[in-house]
Asks: 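Sharing a structure with you now.
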Amino acid sequence: MGIIKQQTLKGTFFSYIGVFIGFVTNTFILTKVLDTDQVGLINILTSFSLIFAQFAILGFNATARYFPYFRNEKNKHNGYLFLACLVSLAGFLLFVIGAYYFKELIISQKSQDNNLFRNYYWYLIPLTFANLYFNVFDLYSRLLYDAAAGRLIREFTLKLLVLICVLFLIFRVLDFRSFMWLWLSANLMPMLLMMIRLIRKGHFSLEPNFAFLNKNVQRNLFNLCLFGILTGASPLLVDNIDRYMVNSYFGLADTGIYSIAASFGIIIALPTRSLYSIAYTVIAESWIRKDMENIQTVYRKSCINQSIVALFLFIVVWANIHNALKILPPDYASGVYIVFFIGLANLFDALTGVNAVILATSRYYRYDSFFYLALVGVTIANNLLFIPKFGITGAAMATALTMFIFNLSRYLFILIKFKLQPFTFNNLLLIAIGIIVYWLSTLIPVQQNLYLDTLIRGGVMTILYGSAVYFLHLSSDINELVADFRRRFIKRF
């Protein structure tokens, strides 16, 4: 777990700095200087470009499990990066054709304020290209055990650049049209920065090695890509299809409200995403060595560690939601339960550890594609069921139910096929601690000053929760980190 712990800590550290910057940008600034439909436009462009980029990679990201066979630094990893770029270029050209012919379907004109989306529709072309090749370079970097770089650039550097763009807007240096051009430029930077990093580290090579691509390798890559199209794109579809359906039913204004509310819940997913990045490579190589003991260790430790962080964030966010509503303009008050259900969805994902990685890197990776195909269907069905009844909150309810069903299904599959499961009594004890700490937080009197109230409530919850986790030894990794910090502190002073 050494490299996983180190890379996860780095990724999570920069991710949360980025989340803080993004939170300030979205809640303190964007919601004050932009209309709800303009906020919706930015979020819908971001969501769609991420989805289209994932489709455009044509499943090549699934070949990461096969990279150990390519790994050869002297031979520049046998042209793996060249193949990734070539396949992605073909996928991008297919996307451009699709974007032209399916423009009206993508815009979805049920609401008149979607005319704003029509005006900026073609921003999707450069945005998708930038996200596509950032994904390619980030994948390659992660396979070379540099998982923190991509998270630093996307979660921190990009958020900082967007904040700078927004500052120009708040000081009225730019109008909205000029701001959108600058915002677009900022979103192109992560791809360029990732490419520059690979060049500086000597890992950027577009030299092909066709001799390495024998029929067996070609067949394996083709099969992985075929199933990877579903596996790779489905998570993003699940994460973003709610925005598309909210936009389709209600328009950009409600999409803006939904997106801002959902951003609170997404905070809970960050430790899980950081861990997935590096765990993928480690578990893939463990399968090759048939090291089931290491896979079980990673599975169990990832489960308790993710659960500790995600549950803490969930109860802290929900305990302080009344303060968040005071920060946002009144229009956003209707999104309060979106925070709860999106947070719950990400909590379900964290509670089951790296089950997605284990399945995706195993010999049953094809089944993961079928799981995801079913997941997309369930997601759409749940949204069609809940949105008409509960409005924009229904989209968040649908996401929570979908993630519960999906993670339960994967957990049972891994248990049956591999006899692996991540849970111990500590997991049950942790949930009890979370419920008790949240209940105790409700007994704290509400302060008139929202910042003081957040500080007191959050501080008390941190002390209670952290103390319980540490003294009950729920996670050996966390106790080791605390012990290491204490040793360094004693040495210094």
Side-chain angles (χ1 to χ4, degrees), residues 22 38-63 81 83-108 114 116-142 150-151 153-155 157-159 161-162 165 179-196 198 206 225 228-245 247-248 252 255 259 273 372 376:
Q38 293 172 328
V39 174
L41 171 69
I42 290 171
N43 280 279
I44 209 75
L45 286 173
T46 301
S47 295
F48 280 14
S49 63
L50 288 172
I51 293 173
F52 295 144
Q54 194 62 57
F55 273 113
I57 206 171
L58 296 180
F60 196 84
N61 48 340
T63 65
L81 183 59
L83 284 175
C85 290
L86 185 64
V87 170
S88 298
L89 180 60
F92 177 72
L93 293 176
L94 290 174
F95 155 70
V96 172
I97 295 170
Y100 177 79
Y101 283 104
F102 296 103
K103 177 182 177 182
E104 294 304 319
L105 178 63
I106 294 171
I107 292 174
S108 184
N114 279 355
L116 184 63
F117 187 15
R118 179 181 295 278
N119 294 337
Y120 290 93
Y121 174 79
W122 293 111
Y123 275 43
L124 286 174
I125 301 296
L127 283 172
T128 300
F129 182 85
N131 282 315
L132 170 62
Y133 277 94
F134 173 86
N135 290 342
V136 170
F137 300 147
D138 181 42
L139 171 68
Y140 193 58
S141 182
R142 285 189 282 115
R151 302 210 71 81
I153 292 172
R154 172 164 276 173
E155 303 290 352
T157 306
L158 176 59
K159 300 288 176 61
L161 290 172
V162 170
C165 296
F179 162 76
M180 287 301 295
W181 278 108
L182 195 60
W183 177 82
L184 174 63
S185 301
N187 278 272
L188 300 180
M189 290 303 297
M191 174 194 67
L192 298 174
L193 292 173
M194 203 69 209
M195 183 174 68
I196 291 169
L198 287 173
L206 295 180
C225 288
I229 291 173
L230 291 176
T231 306
S234 296
L236 276 172
L237 276 174
V238 173
D239 285 345
N240 294 282
I241 202 168
D242 48 2
R243 289 170 176 79
Y244 173 77
M245 297 190 75
N247 178 59
S248 179
L252 286 178
T255 304
S259 299
R273 294 176 182 179
Y372 273 118
V376 172

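Quick caveat, the model's predicted, so the values are computed rather than measured.
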Asks: Are Tyr244 and Phe48 close enough that their ring centres sit under 6.0 Å apart?
Replies: yes
Asks: Quick one, Phe95 and Ile125 - any side-chain contact, counting heavy atoms below 4.5 Å?
Replies: yes
Asks: By side-chain hydrogen bond (donor to acceptor under 3.5 Å, both in side chains), which residues pair with Thr128, not counting sequence neighbours?
Replies: none
Asks: If you define the side chain from C-beta out and look only at heavy atoms, does anything of Ser259 sit under 4.5 Å from Val39?
Replies: no
Asks: Can you name the nearest heavy-atom pair linking Leu132 to Ser88, along with the distance?
Replies: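 Minimum heavy-atom contact is CD2-O, 3.3 Å.
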Asks: What's the verdict on side chain to side chain contact (heavy atoms under 4.5 Å, CB included) for Phe129 and Leu124, showing C-alpha distance, side-chain angles and the deciding distance?
Replies: CA-CA 8 Å; Phe129 182 85; Leu124 286 174; over 6 Å; no
Asks: Where do Ala130 and Met191 come nearest, in terms of heavy atoms and distance?
Replies: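 Nearest pair, atom of Ala130 first, then Met191: O-CB, 3.5 Å.
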Asks: Is Tyr140 reaching over with its side chain to a backbone N or O of Asn135, donor-acceptor style, under 3.5 angstrom?
Replies: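 Such a contact is absent between Tyr140 side chain and Asn135 backbone.
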Asks: Rounded to the nearest 0.5 Å, how far apart are CE of Met189 and CG of Leu161?
Replies: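 The distance works out to 6.5 Å.
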Asks: In Å, rounded to the nearest 0.5 Å, how long is the span from OG1 of Thr255 to CG of Leu41?
Replies: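 Going from OG1 on Thr255 over to CG on Leu41, the span is 10.0 Å.
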Asks: Taking the side chain as every heavy atom from C-beta outward, state whether Gln54 and Leu50 have any atom pair closer than 4.5 Å.
Replies: no
Asks: Might you work through the side chain to side chain contact (heavy atoms under 4.5 Å, CB included) test for Val162 and Lys159, ending with a clear yes or no?
Replies: CA-CA 5 Å; Val162 170; Lys159 300 288 176 61; 5.8 Å; no
Asks: Tyr120 and Tyr123: aromatic ring centres closer than 6.0 Å?
Replies: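 Under 6.0 Å, so yes.
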Asks: Using side chain to side chain contact (heavy atoms under 4.5 Å, CB included), reason through Leu182 and Cys165 one step at a time and then give a plain yes or no.
Replies: CA-CA 6 Å; Leu182 195 60; Cys165 296; 3.5 Å; yes
Asks: Roughly how far, to the nearest 0.5 Å, is the CD1 atom of Ile153 from the CG atom of Asp138?
Replies: 8.0 Å
Asks: Could you grab the distance from atom OH of Tyr121 to atom CG of Leu45, nearest 0.5 Å is fine?
Replies: 10.5 Å
Asks: For a 4.5 angstrom cut-off between non-hydrogen side-chain atoms, does Met195 reach Tyr133?
Replies: no
Asks: Could you report the tightest heavy-atom contact between Val136 and Cys85, atom names first, then the distance?
Replies: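 Shortest heavy-atom separation between Val136 and Cys85 comes out as CG1-SG, 4.2 Å.
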Asks: For residues Phe52 and Ile106, determine if any side-chain heavy atom of one lies less than 4.5 Å from a side-chain heavy atom of the other.
Replies: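 In short, these two side chains touch, coming nearer than 4.5 Å.
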Asks: Kindly indicate whether the side chain of Leu139, heavy atoms from C-beta on, has any atom under 4.5 Å from the side chain of Arg142.
Replies: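 A side-chain contact under 4.5 Å exists here.
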Asks: With the side chain counted from C-beta on, respond yes when Thr157 and Pro190 share a heavy-atom pair under 4.5 Å apart, and no when they do not.
Replies: no
Asks: If you round to the nearest 0.5 Å, how far is CE of Met180 from OG of Ser185?
Replies: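 One gets 11.0 Å once the value is rounded to the nearest 0.5 Å.
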Asks: For Ile44 versus Asn247, what's the shortest heavy-atom pair and its separation?
Replies: CD1-CB, 4.0 Å
Asks: Let me see the working for Leu193 and Phe134 under side chain to side chain contact (heavy atoms under 4.5 Å, CB included), right down to the final yes or no.
Replies: CA-CA 9 Å; Leu193 292 173; Phe134 173 86; over 6 Å; no
Asks: Asn61 side chain to Ile57 main-chain N or O, any donor-acceptor pair under 3.5 Å?
Replies: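 No, because the side chain of Asn61 does not come within donor-acceptor range (under 3.5 Å) of the backbone of Ile57.
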Asks: Should we say atom CH2 of Trp122 is surrounded by more than 12 heavy atoms from elsewhere, each under 6.0 Å from it?
Replies: yes
Asks: For Arg154 and Asn131, which I'm curious about, is there any donor-acceptor pair between the side chains at under 3.5 Å?
Replies: yes
